[in-house]
Amino acid sequence: MKTGYDHEPELQTPANRWRISFRSPDDIEQEGARTLTELEQLVRDVPDPVVREYLLMADDSIVAVLPYTLAIAARLGVADACAPDGSTPEEIAAAVRFAAEPLTSLMNALTGAGFFTRDQRGRFTPTELGSVLKADSAVSMRATLSNLDSHRAWLQAADAAAEMRPLPAAHGETFFEDQDTKPKTDAAFNTRMRERATRLYAGLADLPVWDGVHTVMDIGGGLGTVLSMILRAQPQLSGLLFDRRSVIDLAVGDSPLAPVRDRCTLVAGDFFDGLPGGADVHLLGSVLHDWDDEKAADILRASVRALPPGGRILVCELVVPETSEPHPARWSDLGMLVLLGGRERTLSEFDKLFAAAGLVRARVLPVGESSFSLIEAIPSEQDPRNT
C-alpha cells in the first residue's frame, strides 16, 4: 500500500531516500492519473490534517519512532554539540558521551526528516528547524521534546484499555507532590512550561484587558515567563508571581522576571489553602485544566476571596468547541485526563465552574495566533445585568 511517503529509489542518500509528502485533500485529488488507494479515498475528506497524515503514514515506522528519536536527540543535546561548521558523528558522540554507531543512525534519520544537514565530509549541522533541539534557541523545544512522562502515561492507559480496566488517570495532587519531592524533575517540568508559554502565550500581553489595572497576580505562573511578558509590555503594571515553594525557589535564582524584578513580588503557597491579596486582576494560565471540576471550582473560589472590589479573573485555556470541528483542545482533553485527571472545557462548562464560584463570564478574547482563549470573569455582584 502506498502511504504518505513517496518512495524514490534513485535517490540513495540518507537525507533523500525517504521523502515525506504531506498531502492535502486537494493534493491527493490532483495527482493525475494515478488511482487513489482505498485508504487515501477514505482520508481525503478528513478535516483534521494531523489525523489524515497519521493514517496515511500508519504503516511506516516513523509514526512510532519519530517522537522517541526527537526525545533522545533532545536529551543527549546533539544539536548543541554540533560545531558551527558541522561535526562528525564521532565528534558529537564524544561530546555527548554516547556510542557513535547508534548516534550515526539517529543523526541520519533526523537529517532525512529535515532537522540536520550532512555535508560531503559527513559533518552534521542543525537546520533552521533543528534549532528547536537547541537549549538556547528562541524557539527551543528541547525540554518539551525530552519529556517522556506523557509517553509512559499513555502506555499505561493503552495497557489498561486492552485489559478492560479504567484508564489509570493520575490526580493533580499526586503529580505536583511528586514534582515537589524531585528537584530535577520539577526543574525539567518548569523548563517545559517556560518553553510552552513562550510559544503559546505571546499575544496575551497585548490584549485589551490591562487598562486601569494596578497589579496582576499570575497564579500557578511557574518561573514567571508570562508575567514577564505582561510587565514588559505594560510598564504601568506591578506583578505578583504565585506558585509552589519549590517553583518560587527556582524563580528566585533563574527567572525571565529579572528585567522587571523591581515591579514584581514572588509568593509561595498552595492555592487550595488560600491566595494573597493585593492584586486587582488574577491570571490563571492553563491551571484549571489540571483539575477536575470540584478542584477547579475550589481554585476559583480562593481567587474570588482574594479579589478586591472591582477585581477580575482572567482564565487562559484551550476552549473545546461546542460543535464538532477539529481543535487541539480535544486532544489536550484526553491528555489532561490521563496525565492529571483534569480536563479541557467548553464555554458552557466554564460557565458552570464560574457559577459554582460566584462568578460570571464577561467576555472571551483570542490569544494571538494560538489556539488559546482568554476568558474574563467577574464576581456575580459586579455583573451589570444584575443591577
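Along the sequence shown, the residues carry numbers beginning at 1. These numbers come from a predicted model, not from an experiment.
- Comment: Asp292 does not engage Lys295 in a salt bridge, judged by the lack of any side-chain N to carboxylate O separation of less than 4.0 angstrom.
- Side-chain contact between Arg361 and Leu347: present, with at least one pair of heavy atoms (C-beta onward) separated by less than 4.5 Å.
- Pairs engaging residues 193-216 under the ring-ring contact (aromatic ring centres under 6.0 Å, His included) rule: Tyr201-Phe372 [sequence neighbours left out].
- Legend: residues meeting salt bridge (charged side-chain N to carboxylate O under 4.0 Å, His left out) with Glu294, ordered by chain and number and at least two apart, are absent.
- In this structure, Glu101 places its CD atom where only 12 or fewer heavy-atom neighbours from other residues, nucleotides or ligands lie under 6.0 Å away.
- Not counting sequence neighbours, the partners of Arg152 by the salt bridge (charged side-chain N to carboxylate O under 4.0 Å, His left out) test are Asp149.
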*Can you list the steps and then say if Glu322 with Ser348 is a side-chain hydrogen bond (donor to acceptor under 3.5 Å, both in side chains)?*
CA-CA 8 Å; Glu322 303 278 0; Ser348 60; 3.1 Å; yes
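- Residues Phe98 and Ile92 fall within the same hydrophobic cluster, defined by Ile, Leu, Val, Met, Phe, Trp and Tyr side chains chained together at heavy-atom separations under 4.5 Å.
- Remark: the backbone N or O of Gly222 is paired with a side-chain donor or acceptor of Asp243 at under 3.5 angstrom.
- Under a 3.5 Å cut-off, the side chain of Arg363 and the backbone N or O of Glu376 do not form any donor-acceptor pair.
- Without hydrogens or angle criteria, Thr88 side chain to Glu91 main chain gives a donor-acceptor distance under 3.5 Å.
- For Ala94, the side chain to side chain contact (heavy atoms under 4.5 Å, CB included) criterion is met by no residue, not counting sequence neighbours.
- Legend: residues meeting side chain to side chain contact (heavy atoms under 4.5 Å, CB included) with Pro126, ordered by chain and number and at least two apart, are Ala79, Cys82, Phe116.
- Partners of Trp154 under the side chain to side chain donor-acceptor pair (under 3.5 Å) rule, at least two apart in sequence or in another chain, do not exist in this structure.
- The side chain to side chain contact (heavy atoms under 4.5 Å, CB included) check on Ala268 picks up Arg245, Ile248, with sequence neighbours excluded.
- By the criterion of side-chain heavy atoms lying less than 4.5 angstrom apart, applied directly or through intervening Ile, Leu, Val, Met, Phe, Trp or Tyr residues, Leu66 is grouped together with Met141 in one hydrophobic cluster.
- Summarising the local packing, CD of Glu325 is surrounded by more than 12 heavy atoms from other residues, nucleotides or ligands at distances under 6.0 Å.
- With sequence neighbours excluded, no residue forms a side chain to side chain donor-acceptor pair (under 3.5 Å) with Arg261.
- The pair Arg165-Asp159 does not meet the salt-bridge criterion, since no charged nitrogen lies less than 4.0 angstrom from a carboxylate oxygen.
- Residues satisfying the side chain to side chain contact (heavy atoms under 4.5 Å, CB included) criterion with Asp119, sequence neighbours excluded, are Arg121, Arg123.
- Partners of Arg263 under the salt bridge (charged side-chain N to carboxylate O under 4.0 Å, His left out) rule, at least two apart in sequence or in another chain, do not exist in this structure.
- For the pair Ser228 (side chain) and Gly224 (backbone), a donor-acceptor distance under 3.5 Å is absent.
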*Would you check, one step at a time, whether the test side-chain hydrogen bond (donor to acceptor under 3.5 Å, both in side chains) holds for Ser146 with Arg142?*
CA-CA 6 Å; Ser146 297; Arg142 180 174 169 180; 5.1 Å; no
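- Both Val78 and Val132 are part of a single hydrophobic cluster, where members link through side-chain heavy atoms under 4.5 Å apart.
- Residue pairs meeting the ring-ring contact (aromatic ring centres under 6.0 Å, His included) criterion with at least one member in residues 226-252, sequence neighbours excluded, do not occur.
- Clustering of Ile, Leu, Val, Met, Phe, Trp and Tyr by side-chain heavy atoms under 4.5 Å joins Ile378 with Val360.
- With respect to the salt-bridge test (charged N to carboxylate O, under 4.0 angstrom), the residues Asp293 and Arg345 qualify.
- Under the 4.0 Å criterion applied to side-chain N and carboxylate O atoms, Glu344 and Arg330 are not assigned as salt-bridge partners.
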